[in-house]
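A, B, ... follow the sequence lines: proteins, then strands. Residue 1 opens every chain. All values reported here derive from a predicted model rather than from experimental measurement.
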Amino acid sequence: MTGLDTTVTANRFLRVRRGLRHAGFVLGAAVLLLTIAVALLAPLLAPHDPLAQNLSIRLLPPAWMEGGRPDHLLGTDHLGRDYLSRLIYGSRISLIVGFSTMLISGVIGSTLGFIGGYFGGRVDSFVTYIINCRLSMPGLLVALAVISLVGGSLFTMIMVLGLLFWDRYAVVVRTATQQIRNADFVSAARVAGASAPWIIWNEIRPNVLHHILVIATLEMAMAILSEASLSFLGLGIPAPTPSWGLMIAEGRQHLFAKPFLVWIPGIAIFILVLATNLLGDGLRDLSQPEGRR
Amino acid sequence: MAAYVRSKVIVSLLVLFTVSLVGFALLHLSGDLAATLAGENASAEQIAELRHTMGLDRPLLAQYASWLADAARGDFGLSFFARESVLTMFLARIGTTAILAVSALILAIAVSLPLGMLAAVRPNSWLDWMVSGVALSGQALPGFFLALMMISFFGVTLRWLPISGSATPLHYVMPVVVLAIGAIPALMRLTRSGMMEVLEQDYIRTARSKGISSLRVMWKHAMRNAILPIISLSAVQLGTLLGGSVIVESVFAIDGIGLLTYRSIQRGDFPVVQAMLMFVSASYIILTLLADVINAWLDPRLRQKSQ
Amino acid sequence: MTRLLDIQNVSLAFRQRTGLFSPPNLIPAVRSASLHVDAGEVVAVVGESGSGKSTLAKMVLRLLTPDTGTIAIDGKPAQSLGPREFARLVQPVFQDPYSSINPKRTLAEIIQTPLKIAGGVSARECEERARDLFERVGLPMRLFHSYPNQISGGQRQRVAIARALILRPKLLVCDEPTSALDVSVQAQILELFNELKQDFGLTYLFISHNLAVVERIADRIAVMYRGEIVEQGATDAFFAAPTHPYSKMLLSSVLPPIPGRPLPTVSRVFELNTPRGSQP
Amino acid sequence: MTALLDISGLKVDVPGRAGTLHAIRGIDLSIGAGECFTIVGESGCGKSLTAMSVLGLLPRAAILSAERMSWKGQDMRRFSRRQWANLHGPEIAAIFQEPMTALNPVLTVGEQIIESFVHHRLGNRKAALARAGELLERVGVVPVERRLAQYPHEMSGGLRQRVMIAMALMCQPKLMIADEPTTALDVTTQVEILKLLKELQAEMGMALLLITHDLGVVAHMADRVAVMYAGQIVETGSVASVLTRSAHPYTSALLDCLPTRDQPLTPIPGVVPALFGELEGCMFRNRCRFAREACADPVPARSVGEGHVYRCLLEANEVAA
Amino acid sequence: DQSNDTLRVAVARETDFIDSIHTSSLDADLFSTIIYDTLIYADRATGEYKPLLATSWTWTDDTTIEFKLREGIKFQNGEPFNADDVVYTFQQLMNMDNNFRQQKQDFGNIAGVEKIDDYTVKLTLKTPEPTFENVLVARVNIWPDEYTEANGHMIHATKPVGTGPYALQDMQKGSSYTLVKNPDYFDGARPQPSIGTIEVRVIPEIQTQIAELMSGGLDMALSLSPNDAAGLDGVPGITVQTGQSTRMYFLSMNVAAKENNPLNNADVRKAVSYAINKEEMVHSLISPDAAVLATNCNPSQNFCLTDIEPTYSFDVAKAKELMASAGFAEGFDVTLMAEANIRPIGEALQGYLSAIGVRVNLETMPLPAWRERYIKGESQMSIVGWGSGVSSIDISNTLGIFFNGSSTDYVQDKEIPDWNAAALSSMDKAERESLYRKTLTRINEEAYVVPLYGTVATYVTSEQVNYQAPVIDFPDLSLASWAK
Ligand SMILES: Nc1ncnc2c1ncn2[C@@H]1O[C@H](COP(=O)(O)OP(=O)(O)OP(=O)(O)O)[C@@H](O)[C@H]1O
Ligand SMILES: Nc1ncnc2c1ncn2[C@@H]1O[C@H](COP(=O)(O)OP(=O)(O)OP(=O)(O)O)[C@@H](O)[C@H]1O
Ligand SMILES: [Mg+2]
Ligand SMILES: [Mg+2]
């Protein structure tokens with residue numbers, strides 16, 4: 001780096017503008033925000049009660065297909081519930097699972113990463129050891145085993161996923177912290193008498209935050225997918241609230257006869273996860289300094 | 001070197017031990033085996049009796065201790081249901097899963113390495129965009145969804161491929177592809193980003209300034225360096241593939257260890273689940289060690305560190 | 001004159017672990033070094049890369065603990081000082097202007113950091129003092145709330161200096177504060193050091209490998225070689241007649257910007273060619 | 001004497017998200033066989049990009065244009081990939097600043113040294129190894145056998161830089177480009193490396209394009225020097241003439257910045273300008289004590305004789321006063 | 001696949017052991033049925049009990065049966081069949097150290113077995129057991145005594161030898177099983193087998209089974225639910241049949257708990273009963289062929305009385321009225337537990353009950369987890385599925401488990417357990433019927449449970465296969481033949 005390019009590197013506004021020019025980031029953020037809005041406004045947006053069943057109109061195809069009805073835009077499920085409404089409400093579960101898991105695992109993983117990375121030495125060996133233990137456990141299998149024993153609920157699902165999938169945070173935060181803890185501004189804070197927690201929170205965290213954000217988006221995507229997979233394996237979140245993974249799992253009974261039951265939530269998951277990943281990628285690109293390197 | 005290997009091995013054993021303890025505790029604290037085991041029409045008394053005969057009413061630590069003592073001798077107990085040695089059950093199925101996982105990894109590497117490299121050489125080209133697109137979509141596709149769609153398309157509509165079982169090599173095509181698609185995004189991204197990073201290194205400029213062909217620069221100078229993290233990731237991926245074959249094996253009805261474990265989880269056959277846990281952990285540890293060794297062999301700096 | 005810093009027979013070896021259970025390799029970085037700095041003095045430490053200069057500085061800053069030997073600051077053993085007390089006596093200025101200030105915080109925040117940690121000062125006063133110093137080190141006020149990526153290396157180094165001064169320390173430990181800067185900026189910073197010395201009554205422990213800089217700024221010079229202080233003395237005397245062979249070699253290697261002279265002959269008296277393993 | 005390398009009106013633009021950076025803005029330079037030409041300037045002024053332009057190794061993003069750019073009379077702008085590859089090694093070779101990172105960490109030193117020799121079919125592996133041995137001996141990397149089998153990380157910075165030099169010499173280049181070859185080294189090592197370069201240059205009769213920011217190095221090494229500031233050569237000429245009779249305020253200010261025992265330092269105020277957008281006039285004017293309004297207009301080059309050229313509105317002797 | 005005379009059959013769950021005595025996995029019966037013969041055979045078309053290995057069986061008193069055995073039969077390993085084999089088999093079943101599945105429950109009442117002559121065997125029971133014939137029909141596969149003695153009874157788990165129409169040729173435990181026709185099979189209650197080879201494959205994923213059926217990779221699938229099969233309706237080349245099952249589902253309510261329990265109010269339970277549109281629910285979610293239950297038993301079970309009063313037909317108004325009169329006009333919250341794979345029913349119930357203000361929190365879980373909690377008494381409301389298996393051919397099984405005063409009895413009625421016990425020790429059919437009538441009437445009067453539906457078994461076959469859906473849910477694959 002040189003004195004020259006620093007004077008011209010993007011300031012905050014520029015960074016925002018840069019963000020806006022990053023197509024993937026914008027797309028990802030837009031879809032995610034849209035989904036959040038849909039989830040929040042579900043009662044307003046959903047044309048029907050997602051739980052209101054009407055067995056006389058079960059398995060209606062989407063409106064544009066033969067036999068579809070305009071008041072059930074995406075058709076109905078096996079209980080005659082409006083598929084669009086369920087899709088809209090289902091976004092809530094996906095987002096709640098995604099966000100909560102991301103938070104829990106984020107807190108656990110980042111804390112471990114910070115501690116290991118900052119203190120180094122034996123503390124780090126111990127943290128590395130914990131990470132290794134975690135990595136060597138097959139995550140999905142353990143989640144499967146625990147949920148099948150405890151029984152699925154939104155809470156268990158979130159806890160199990162959150163308590164299991166913190167490894168990426170830990171690994172990334174630890175490495176990033178290791179790189180920063182030797183920075184001179186950390187030494188300066190130490191000389192000024194700052195405690196380790198103070199330094200971690202005030203000096204290191206801001207510099208690692210973008211890594212955490214990137215991982216968070218990936219983690220969120222993974223949690224959404226895991227929820228879907230567990231639902232597929234019959235260990236999803238129980239009723240009444242529909243989740244997208246559950247909708248696929250339920251719809252799969254009609255995979256060949258009524259494929260839309262699988263395709264609609266499948267596409268929804270795909271788009272949401274894609275958007276989250278795009279957002280993560282965008283964040284990654286944007287957090288890299290411009291110019292040389 | 002000896003000291004390095006020794007400490008690695010000790011740590012690995014410690015990790016295995018911890019995993020076994022955590023797994024054991026998780027499995028035994030969260031469910032009642034006897035209820036599962038007694039069968040569907042069993043009464044409460046029958047269950048209690050069974051609990052006693054199976055020793056499930058002993059203190060957890062005592063149960064663990066005897067499990068550990070047996071496991072240390074290579075005896076992972078009998079399956080509750082099949083009443084067969086867990087080890088035998090594993091050995092009978094490991095081959096199938098290994099074929100599946102290894103082929104998937106090979107396919108994934110065969111796809112992601114060249115594409116990732118090309119994308120790195122020509123950033124922002126259409127190829128790069130395609131690679132990013134593939135990686136992103138692959139990441140966003142639930143494996144089971146993909147599997148079902150492939151079955152319905154290639155199996156039912158086109159009838160090109162056999163749908164279930166593992167009778168012929170052709171049977172492996174769909175499951176391997178589904179598994180590989182799960183592994184490709186990470187590998188492809190890492191290849192691309194690793195390669196891009198390496199291409200920016202000073203020594204690449206040095207190599208270019210010597211006038212050697214760009215192909216040679218790529219293979220001899222860039223690849224040797226960029227491959228290191230890919231090898232590590234491949235090891236991790238292989239472990240993940242072994243552990244993550246549950247969905248693929250159950251959808252494609254392939255009787256490997258993934259399906260075995262899934263069934264065992266479903267009916268609470270804990271000795272099998274526990275053994276699977278140990279197996280995946282051990283293979284993860286061995287694979288990463290192997291990756292370390294290969295990397296040390298390729299990178300003299302790591303070699304020195306381990307001396 | 002009071003003895004502000006007194007380093008007595010300090011040694012430190014780095015322990016490099018190879019495995020969890022194997023004995024560590026010892027890399028001696030500083031060997032039995034003794035050095036003192038009196039109040040108001042500028043003492044420079046010179047030496048080649050890897051000779052232990054930074055390690056010595058870090059020990060003074062209590063970022064590393066010596067294996068043996070003692071360091072006394074203002075007459076008291078450094079270890080006995082509380083962290084706040086210590087911070088009010090000694091502050092650092094580091095070499096790399098990019099790593100020495102946190103890129104994610106505004107310049108105002110960075111400068112106030114030590115004061116915030118020390119506590120006991122109102123937010124208003126904090127900011128007040130930061131503003132004062134900001135101007136004093138020659139930074140334009142409009143940059144007060146900007147982020148480090150908007151300023152140049154020289155300006156960053158000014159920020160680092162302002163941060164070091166906000167607690168009004170007595171001793172400034174400067175580890176190659178100008179070696180990452182261009183000559184034109186280096187001159188600016190050196191001038192600033194000179195001015196601050198007068199204004200704040202500062203004492204410097206000044207580490208450098210640039211003999212021209214040292215000659216300009218130091219009262220006394222200590223030469224480090226392979227972890228040992230091989231020679232020390234008043235600047236004038238040193239430049240006039242270095243005694244240790246390494247010092248001589250060092251002096252003879254200086255290239256003045258005067259055309260027409262041949263490259264000096266450097267007589268290596270040491271086994272400098274032997275590899276010393278990887279260097280960071 | 002015909003110039004080996006003859007460049008005029010070289011421009012390099014680097015488009016970025018924040019706008020296009022005009023990193024090099026029309027420089028002329030020519031290097032004759034066997035001479036040592038140095039470029040001196042502060043960080044970011046475009047020294048390395050100039051070197052990379054000559055090497056044809058500009059970063060992908062950079063856009064090069066030039067009025068003339070020729071190697072032994074051939075137009076370098078038209079060079080194909082293949083022609084560039086043939087140039088690298090036997091004609092032009094390079095060594096770079098960071099000896100720590102300029103060598104490939106996973107290949108042995110020997111392998112890296114002989115690579116270009118073998119690739120350019122100057123001989124087989126055996127011949128290459130023999131020549132590598134000679135050269136290593138010459139640059140003082142001994143014992144040769146052991147060194148050839150070592151990896152870069154097993155050597156100190158000074159040794160690595162010597163290896164780089166040996167590597168560059170393998171194909172007997174006509175021009176060696178050295179981009180700050182000693183900046184990362186200790187002063188004592190610096191002297192040794194510089195000496196080595198100078199001796200080798202004389203022995204092999206090759207030209208040396210030396211890039212540095214250290215006027216001391218310039219004074220001891222250069223036949224001719226160019227002083228760069230903000231993407232332009234502000235002053236060029238024989239080293240004696242430029243350093244002792246500097247005609248450009250920047251050159252003289254730079255000399256004044258060097259700390260000496262007796263004189264007080266006179267720092268150059270201000271910072272280097274950003275090289276974005278329309279750039280006209282003297283870029284030094286906002287830091288120059290002689291600046292006047294006319295400095296904002298394009299400044300012509302003036303000659304002080306014997307190839308000593310500078311870009312300033314001042315008369316040649318005004319600065320010294 | 002008719003071309004090579006192999007019937008390819010898919011099941012969803014693996015079988016650990018081939019013989020049903022050693023394992024609780026239900027699919028083992030699939031194999032046992034065709035590898036072994038029982039003394040008595042239940043006709044798959046009528047449900048009637050017919051002679052098989054026993055040419056006749058006679059109750060000489062309330063606790064004694066005499067069997068006349070078929071002569072001239074050989075086991076698949078060549079060993080001749082005679083009374084020694086039957087005696088040996090019963091002795092094994094009586095030896096409680098063998099730890100067979102449900103051994104005490106099914107065989108604990110046998111007092112002794114005696115060989116009268118080479119082809120006559122006398123069996124005595126400790127107490128009268130009106131359902132004992134059911135046990136004989138499905139649980140007593142006759143083993144060859146010499147082979148079993150020489151190898152231990154566990155040999156049948158993996159290398160079974162019986163007298164049945166098919167013999168196990170090869171198995172890949174957990175994934176595929178190959179059975180070949182027994183050419184010497186006697187033409188008795190069940191005919192000689194016609195298809196040469198039966199290949200059973202385990203395909204856990206139902207959609208994969210369907211895909212295989214559609215693409216011609218399978219001839220028969222046995223684990224499809226009516227809903228799964230519905231998708232195959234109209235697919236050319238595939239026949240979907242439904243057969244009866246003894247399995248039944250009811251909504252269990254916690255009547256016994258005293259505190260804070262709206263459900264111990266009979267009016268509330270009646271309101272719940274009225275609120276559910278069983279017909280609609282069952283016919284659309286389960287199958288149009290499924291039995292909608294008015295009493296707490298499956299009509300395919302013996303002694304299941306379908307004329308019990310009162311019945312509760314769908315009537316939301318009445319339900320609301322009852323809720324109000326019980327003081328729950330505002331409704332209440334309740335947790336409904338259900339096994340994961342009947343979740344749609346749970347959701348439907350949730351929907352129906354919400355109409356009368358009962359806010360149902362539905363928890364679905366795998367069967368073992370559900371059972372564990374149910375046995376521990378943690379259920380407020382549960383959908384209980386029971387039966388399928390020979391013991392549930394008789395109503396005693398269902399009533400006996402859920403109305404016996406034990407921890408699985410959420411009603412704890414004072415009298416029902418006694419009536420049930422009395423019914424189980426009487427050989428008098430009329431008396432048993434009247435006792436069950438009392439029980440069933442009490443259950444309906446008090447609305448202790450809401451009987452929901454009896455499942456149907458679905459048999460999906462390719463056109464090439466001729467297979468008649470059996471009346472009991474014990475498919476006998478030896479009855480299959482090629483259509484042309
Ligand atoms: N954290 C560390 N771990 C191991 N060895 C170290 C560490 N830090 C420094 N060293 C070693 O200690 C010795 C002294 O290093 P130090 O950084 O004090 O040298 P220096 O004189 O400051 O060099 P420079 O001029 O390059 O900054 C060197 O050999 C170095 O390799
Ligand atoms: N790959 C690149 N991408 C974008 N900008 C670049 C790139 N390389 C150089 N630049 C810019 O071009 C200008 C000139 O860079 P150059 O490397 O030639 O400077 P230099 O004089 O060699 O400096 P230094 O002494 O730091 O090596 C600088 O502003 C730099 O930021
Ligand atoms: Mg240092
Ligand atoms: Mg440069």
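- Remark: B:L68 CG is packed, more than 12 non-hydrogen atoms of other residues, nucleotides or ligands lying under 6.0 Å away.
- There is no contact between B:S152 and chain E, counting heavy-atom distances below 4.5 Å.
- Counting heavy-atom pairs under 4.5 Å between each of E:G216, E:P204, E:S406 and chain B puts E:P204 at the top.
- Nearest heavy-atom pair, E:S215 versus B:V156, reported as atom, atom and distance to 0.1 Å: CB-CA, 4.5 Å.
- With hydrogens and angles ignored, the 3.5 Å screen pairs a side-chain donor or acceptor of E:T208 with a backbone N or O of B:V251.
- Residues E:I203 and B:S164 come closest through the heavy atom pair CD1-OG, 3.5 Å.
- Taking both residues in full, the closest heavy atoms of E:M214 and B:R159 are given as O-NH2, 2.6 Å, listed atom of the first, atom of the second, then distance.
- With a 4.5 Å cut-off on non-hydrogen atoms, B:L259 touches chain E through its side chain but not through its backbone.
- Both the backbone and the side chain of E:E212 come within contact range of chain B, judged by heavy atoms closer than 4.5 Å.
- Of the atoms belonging to B:I163, heavy atoms from both backbone and side chain fall under 4.5 Å from chain E.
- B:D255 is not listed as a side-chain neighbour of E:V202, based on a closest heavy-atom distance of 4.5 Å or more.
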